[in-house]
A.B. asks: 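Below is the structure I would like to discuss, written out as structure tokens.
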Amino acid sequence: MPLLAVDSLSVGYNGMEVVSNVSFTLDKGEFLAVVGPNGSGKSTLLKGLFGLADVLGGKVLFDGRDITRLAPHKRSLMGMGYLPQTGNVFEELTGRENLVLAGYDLPREDFERRLEEVLDFLPEVRGFLNRKATTLSGGERQMLALAMQLVRKPSLIMFDEPSAALAPKVVEHVFERIRMLNKGLGITVILVEQDTRRALKIAEKALLLVSGRTRFYGDAGELLARKDLVALYLGIQG
Ligand SMILES: Nc1ncnc2c1ncn2[C@@H]1O[C@H](COP(=O)(O)OP(=O)(O)OP(=O)(O)O)[C@@H](O)[C@H]1O
């Protein structure tokens, strides 16, 4: 049984359809990149999968359970994580306070144990524990936001353009961490990313969305090799 099965999903806002009829499945530990031109509905698809946009048709099964209409916090309790582009940390709180909030529903001892595991995995976050999130750089905030996800031990994390507005060197680091949490911790990943080449190199599977519809779904390497699609929709050379 796949961890996530998306069947003919249509998503939109106020009854207006933005994403139409998208289907894919993800097994545990797989890595899917969602790519496509600006405005093609990539973020909307993630929001639909997390219960933050209107599902206008189709079905989403997670761990075998129909979650199509489930509230976002219940999805989170089931092991789904979602990292939006912005607004992913509480700015006025310290790193530790952010992490405590992320684990609000975990028993105290579990939380402390998990926090230690997360800090071993993301050692740089130790340095942010007593700093207010407002004082952190964009890349540091991403790391804190990632730690907030990991403390919940998700089986799936969905990232919405984690590299947006970050310096190239920092992007490298963020991607390395995403790769490690997939390969090392076995967490299933859906990545929406502007840097298509990078996304397709790190992922196994790819979904190319054009005007809200699936233009390609399959092996990420195969999409990279499809010069026609790459030239038309992805703006990367060769
Ligand atoms: N909250 C909203 N209400 C109404 N329409 C929206 C909302 N959010 C996005 N849209 C519209 O949905 C369409 C798809 O937007 P979306 O952000 O999902 O695309 P995207 O592929 O993620 O784009 P980008 O790569 O530029 O981030 C756009 O036409 C956008 O204007």
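Order of appearance sets the numbers: ligands from 1, and atoms from 1 within every ligand. This one's a predicted model, so the numbers in the text were calculated from it and none came from an experiment.
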A.B. asks: Side chains of T94 and R131: donor-acceptor distance under 3.5 Å anywhere?
C.D. replies: no

A.B. asks: So which pairs with a foot in residues 49-79 pass ring-ring contact (aromatic ring centres under 6.0 Å, His included), sequence neighbours left out?
C.D. replies: F50-Y82

A.B. asks: List the protein residues in contact with ligand 1, where contact means a heavy-atom separation under 4.0 angstrom.
C.D. replies: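 Residue list for ligand 1: Y13, V18, P37, N38, G39, S40, G41, K42, S43, T44, E161, Q194.
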
A.B. asks: Could I get the full list of side chain to side chain donor-acceptor pair (under 3.5 Å) partners for R108, not counting sequence neighbours?
C.D. replies: E112

A.B. asks: Provide the closest heavy-atom pair for V151 versus L99 in the form atom of the first, atom of the second, distance.
C.D. replies: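 Closest approach of V151 to L99: CG1-O, 4.2 Å.
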
A.B. asks: Could you tabulate the donor-acceptor pairs under 3.5 Å formed by side-chain atoms of residues 23-32, not counting sequence neighbours?
C.D. replies:
| unit_1 | atom_1 | unit_2 | atom_2 | d |
| --- | --- | --- | --- | --- |
| S23 | OG | S8 | N | 2.8 |
| K28 | NZ | G186 | O | 3.4 |
| E30 | OE1 | D27 | N | 2.8 |
| E30 | OE1 | K205 | NZ | 3.2 |

A.B. asks: Between K183 and E204, is there a side-chain N and carboxylate O pair less than 4.0 Å apart?
C.D. replies: yes

